[in-house]
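By convention in this document, chain letters (A, B, ...) are assigned in the order of the sequence lines, proteins followed by strands, and residues within each chain are numbered from 1.
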Amino acid sequence: MNKYNPQEIEPKWQGVWEKTPDLYKAVDFDKKPKHYVMFEFNYPSGVGLHVGHLRGQTICDIIARQKRMAGYNVLFPIGWDAFGLPVENFAIKNKMHPAIASAQNITNFVKQEKSLGYSVDWSREIDTTDPKYYKWTQWLFLRFFEHGLAYKKKMPINWCPSCKIGLANEEVIDGKCERCGTESSKKGMEQWMLKITAYADKLLEGLKHVDYPERVKLAQENWIGRSEGTSIKFQITNNKLQTNSKSQNSNDKKYVEVFTTRVDTLYGCTYIVLAPESQYTEELKNHISNTEKVEKYINETKKKSNIERMVEEKEKTGVKLEGIIAVNPINGREIEIWVADYVIADYGTGAVMAVPAHDDRDFAFAKKYGIEIIQSIAPIVTYQKTPPVEGLKYEERNMVEVIVYDPKKDKYLCLKWKKQPWTTFITGGIEEGEDPIQSAEREITEETGYKNFKLKKVLGKTRAIFHAAHKNVNRIANANGLFFELLNDERETVADEENAIHEVVWVDRDELTTDNIVCASLDYWLREIDDKGIAFTDYGILVNSGEFNGLTSEEGKKKITEKLKSEGLGDFVVNYKMRDWIFSRQHYWGEPIPIVNCEKDGLVPVPEDQLPVLLPDVENYEPTDTGESPLAAITDWVNTTCPKCGGPAKRETDTMPNWAGSSWYFLRYIDPKNDKVFADFEKLKYWMPVDIYEGGMEHTTLHLLYSRFWNEFFYDIGLVPTKEPYAKRIAHGIILAEDGKKMSKSLGNVINPTDLIEKYGADATRAYEMFIGPFDQQVAWDSKGIEGVSRFLNKVWNLGMEIAERTENADSQKLLTQSFEIGETELEVATHKTIKKFNEALEGFRYNTLISTLMEFTNYLQTKKDLLYTYPQPYLILILLLSPICPHIAEEIWQSFGNEESIFSGKYSWPRHDPEKIKEDFVSIIIQENGKLRGNIDVPADSDESAVLEICKNSPKFTSLPDGAKKVVYVKNRLINFVK
RNA sequence: GGUCUAGUGGCGGAAUUGGUAUACGCGCAGCACUUAAAAUGCUGUUUGCCGAAAGGCGAUUGUGGGUUCGAGUCCCACCUAGACCACCA
């Protein structure tokens, strides 16, 4: 008997499959149902394939192979995303043309991919750097230009000083360049932009109609960052009364517009803040008395890189604009204007209203610079010790809670109640015509007799909700916290009726706890007394807010915005965190942007018949120090004629980012050789959308979002047939090294797929990649684990060889249709159960359990070897189930059974279980007492409760169990539970 | 700081989606085969107590509560780890 030798059989079958071109071919317009499965194409770096790549790719191959066997016309393509920096850097370092470096890398990748035995349709292979491909990338870019979605703008961009390249926000990770890790800084440059923000709502809406993992949807939603709020205009005027008479006419008023999601806090706004880079700062700095100081601050901010701005999160800085003030439009209050770098220039309007009482950042800033803090939202506190009782009516009351401190005693004045087990602060209702302070002063004397005290601090307002037991009502107490200091011990006599209710006690500071003092708002008051106040950022009840007092935050937002709107000083608006996509790169190795700059006609698109705009050969691929692309140095390429007027013009020298080619490659796979259009519409209609798109989590907010944007735009202009490009997205978790750290060259913990294939074979490698754990979770590599899988394949092989030797050569298809004549029901049932389990795991994307299901089945078959010599069907089914995962071994075994056609030829259909076959006459059900396991018992399938009860009583072990049961829970074919 | 995901034996993990927790694999131990080893096969392997054994009784899915006849699974709070975002007003 020959031994399992993957090193021999794997290259053999790869060769045979390659010579059978129709085996894995996707057929356009085939009558079979289509299935389009795709993994993210590789960036052909010099390092080669990574075990992480195999995870997703193997899943796709399993799907592709299984779907073909199940009767689908499968499109499973491969391609290369080969433009971009790593190849360019590699080429510069090795002094070679990036195209040559790229071709070398691709050759290497192809070899690796082929050694894994993937069933890709190689006739559809694409390469984004092929002019036949990037012609259409350029053509599609011009559609964006044509519709005003590609535009040029001078803007401060994230700049990587090392790569000498502008970075999109998405490429800046922790303030550093995504590729090289250098700290990014800001630089003002003319950039090509794609208006992805115009599709923000469509991209959000589209998520509702696709099957993506919830975390992917969430990440995209958060990235788009839609927030509904209000824009508010703050009028800016001169601080002094003698304003310039010219600017007095109303059309000439200056405004700063801000965006807020918390307009309900507007009455608490005590200053506004402008971003240093904002246009407002630019305009206003010349109208103030401390221009120099402000300019100095702006320059300092510019010098700071992103990372510094982030590290300094704790310490906020800013400069006040002297000589001008802003007017709060809701109450006419005059407030300060500051410039501070905690406000971002390119979100919202680049200016914010600051409400220190209700925003953490504003609070920290106001504390540092001594700016007034005004409460405008009262927290709603439910008193947990006596929460409101359902059904009782609510009574609202305005009241004071007074805390009196005696510095001589170093104690706090409280009242101990006589009829209730309470100690409280001095508290009472606010009477008609009183303000809270007067009310507090009155209550102190009435209840304690003390006469001489002074107000130290207003602690603020809360709304406390509790059940007032002595009156049996639910109380809504609008509480005013007030803090007094006792000046001396002089007292009046306290009225008898007060004395009858409570007595005065003095309490230490550390005894003021929720255990000792009955006070719903205690924490708030103490925080203020200790001067450890924090911003209250939750929703609550509007206070100190004029006509809006008493509204909830939600109501307040609506009402205040409406009022502002009616006065032309504000409106409801929607803002997004997502910015437009910076689409130009100052590099060589990318698609040239097909635009010509004419002095007369401005930006003119290169006509379609002149596409592609080919990358010219250059001497030097390094970016220039000015930040211009190396293309700028080739004057005879740059200088051209205007396609419109024929006059002298210059070519655009920026190239497109790496993301361009990958934004539409799923369309090109469908029609990769077309030189008339980017893809034939009828073919797109047949194949789109991609049924399953496998890729990494790291592309969620980059490539995945970008390509959805491209496709949605193409749909809108009638180029593609589906709104969304991908019906289902699956994302694999990363594979860590055995030490649990990320695999990296420097740590020396990299597992190389080629080594694995040499040692264990492609089949074992593929199977272990699946067996390692749930595919969407991150896992650590285990070199012992792959040995286990390899052993399993050996078992399958040895078992197969034994059976094949004893089986007459026969067509397996015939064998499979034969039934188990001797009624070997156990074997038959086990086989059908395995098929069921396997198919369910496959449909549920639980690839790790696929392997364990087959392991169990193999272990079982080994115990039934003798029967298999006569009835090899179960073993053949095992091989069919194994074949998508481990195609080589399956094919070899298949042929040793005398089959002349490939197991993947389409002749052998995918196993389906027969529900009739797994129906059993008896089922084992669980016996429980109060939910605790007491044993199990075999009963006829589908028995009803009374029958099971009878069986139970007749079984000596459980005979007395039903006695005294209050209730019997019976779940058919599963359990019976006696509740006592 | 925010959002999300996860926490089950010595380890990777399984659990029909609320119904016999610890499948499968790794590791470990023992046995068989062998002069020997490798390979292979078989047996055992969550844990405490009782028992010579067959077996029996109990505990157990990060911690603490809750819902339920019944919770690894659902709800609340906390702890821990990871991922993504991060001064987004």
Side-chain angles (χ1 to χ4, degrees), chain A residues 3 173-175 213-219 221-223 225 227 229 258-263 265 272-273 275 309-310 312-314 316 340-344 346-355 358-362 364-365 537 575-579 697-698 700-701 733-734 736 740 768 771-774 776-789 791-792 794-795 798 836-837 840-841 844 846 848-859 862 924-936 965-971 973-980:
Chain A
K3 260 181 76 185
I173 310 294
D174 289 337
E214 215 40 50
R215 60 193 171 132
V216 170
K217 285 192 185 183
L218 259 160
E221 276 163 21
N222 291 341
W223 187 264
S227 53
V258 306
F259 171 74
T260 179
T261 54
R262 289 300 303 273
V263 72
T265 66
I272 63 173
V273 194
R309 273 173 85 162
M310 258 165 28
E312 283 173 25
E313 205 175 319
K314 298 149 214 148
K316 295 208 167 10
D341 66 4
Y342 78 90
V343 173
I344 301 167
D346 55 359
Y347 179 75
T349 61
V352 305
M353 69 176 213
V355 185
H358 304 296
D359 180 279
D360 292 325
R361 295 150 302 181
D362 298 340
F365 193 81
T537 56
N575 250 301
Y576 302 93
K577 274 192 208 174
M578 185 169 67
R579 320 291 151 86
M697 273 308 281
E698 69 274 21
T700 301
T701 51
I734 54 170
L736 302 171
Y768 180 60
F771 187 62
I772 191 167
D776 55 351
Q777 271 167 45
Q778 104 174 10
V779 286
W781 189 263
D782 179 5
S783 50
K784 290 283 185 193
I786 191 169
E787 282 178 24
V789 172
R791 256 174 246 166
F792 156 68
N794 256 305
K795 275 191 212 174
N798 292 336
K836 180 168 185 268
K837 208 169 160 192
E840 279 169 1
R846 295 188 301 271
N848 49 334
T849 63
L850 285 184
I851 313 286
S852 49
T853 302
L854 295 184
M855 283 174 170
E856 269 177 277
F857 191 47
T858 306
N859 291 343
Q862 232 157 2
S924 169
I925 70 159
I926 312 157
I927 314 291
Q928 289 182 331
E929 184 181 2
N930 290 328
K932 280 198 187 250
L933 184 69
R934 287 290 172 255
N936 51 32
K966 271 187 271 173
K967 189 177 158 190
V968 178
V969 180
Y970 176 67
V971 182
N973 295 339
R974 195 143 278 167
L975 63 88
I976 187 158
N977 185 12
F978 300 101
V979 186
K980 292 183 174 170

Is rG30(B) syn or is it anti, if syn means the base angle is within 90 degrees of 0? anti

If you measure from the P atom in rA81(B) to the same atom in rC87(B), how many Å do you get, rounded? 24 Å

Between rU68(B) atom P and Lys932(A) atom NZ, what is the distance in whole Å? 18 Å

Below 4.5 Å, heavy atoms only, C-beta onward: do Lys837(A) and Glu856(A) meet side chain to side chain? yes

Determine yes or no for a side-chain-to-main-chain donor-acceptor pair under 3.5 angstrom, with Asn930(A) supplying the side chain and Lys932(A) the backbone. no

Heavy-atom distance under 4.5 Å between the side chains of Ile926(A) and Leu933(A), does that happen here? yes

Separation of Phe259(A) atom CZ from rC87(B) atom C1', in whole Å? 15 Å

I want to verify the glycosidic state of rU45(B); is it syn or anti under the 90° rule? anti

Name the residue closer to the 5' end of RNA chain B, choosing between Thr349(A) and Phe978(A) according to the nucleotide with the nearest heavy atom. Phe978(A)

Sub-4.5 Å side-chain heavy-atom contact between Asn977(A) and Tyr970(A): no

RNA chain B base-pair string [pairs: Watson-Crick or G-U under 3.5 Å; |: paired with another strand]: (((((((..(((......[....)))((((((.......))))))(((((....)))))..(((((..]....))))))))))))....

Side-chain (Arg215(A)) to main-chain (Met697(A)) donor-acceptor, under 3.5 angstrom: no

What interatomic distance, in whole Å, is found between C1' of rG62(B) and the corresponding atom of rG82(B)? 15 Å

Heavy-atom count around Lys836(A) NZ within 6.0 Å, excluding the residue itself: above 12? no

Which value, in whole Å, describes the distance between the P atoms of nucleotides rG13(B) and rU17(B)? 23 Å

Can a side chain N or O of Lys217(A) be found less than 4.0 Å away from OP1 or OP2 on rU5(B)? no

Which value, in whole Å, describes the distance between the P atoms of nucleotides rG70(B) and rC78(B)? 27 Å

Using atom P in both nucleotides, what's the gap between rC49(B) and rA39(B) to the nearest angstrom? 36 Å

In this structure, how many angstroms lie between the P atom of rC4(B) and the CD atom of Glu214(A), rounded? 11 Å

Over all atoms of both residues, closest heavy-atom pair of Met353(A) and Ile272(A): CA-CG2, 4.1 Å

Taking atom P in both rU63(B) and rG56(B), compute the distance separating them and give it to the nearest angstrom. 28 Å

With rounding to whole Å, what would you report as the distance between rU60(B) and rU20(B) at their C1' atoms? 15 Å

Does any non-hydrogen side-chain atom of Thr260(A) lie less than 4.5 Å from one of Val352(A)? no

Between Phe259(A) and Gly348(A), the two heavy atoms sitting closest are CB-CA, 4.4 Å

Once base and sugar-phosphate atoms are separated, protein heavy atoms under 4.0 Å mark nucleotides 10-20 of chain B, 5' to 3', with B, S and - as --BSSSBB-BB

In whole angstroms, how far is the P atom of rA89(B) from the CG atom of Asp362(A)? 12 Å

What interatomic distance, in whole Å, is found between C1' of rG9(B) and the corresponding atom of rA23(B)? 13 Å

Going through the checks in order, is the side-chain contact (heavy atoms from CB on, under 4.5 Å) test met by Tyr342(A) and Asp362(A)? CA-CA 9 Å; Tyr342(A) 78 90; Asp362(A) 298 340; 2.7 Å; yes

Distance in angstrom units between Lys577(A) NZ and rC85(B) P, rounded: 11 Å

Length of the CG-C1' vector between Asp776(A) and rC84(B), whole Å: 15 Å

Using 0.5 Å steps for rounding, measure from the CD atom of Gln777(A) to the CG atom of Asn848(A). 9.0 Å

Within this structure, what is the CD-to-P distance between Glu929(A) and rC57(B), rounded to whole angstrom? 12 Å

5'-most contact on RNA chain B: Asp359(A) or Ile734(A), nearest heavy atom basis? Ile734(A)

Measuring centre to centre across the rings, with the benzene-like ring taken for any Trp, is Tyr768(A) within less than 6.0 Å of Trp781(A)? yes

So what does Lys837(A) touch, heavy atoms closer than 4.0 Å: a base, only the sugar-phosphate, or nothing? nothing

What does the B/S/- profile of nucleotides 37-50 of chain B look like, 5' to 3', with a 4.0 Å heavy-atom cutoff to protein? ---SS---------

Report the distance from atom CD of Glu221(A) to atom P of rG2(B), rounded to the nearest whole Å. 20 Å

Donor-acceptor pair, Arg579(A) side chain versus Lys577(A) backbone, under 3.5 Å? yes

Of all the choices, rC87(B), rA89(B), rC69(B), which nucleotide is nearest to the side chain of Tyr347(A) once you look at every atom? rA89(B)

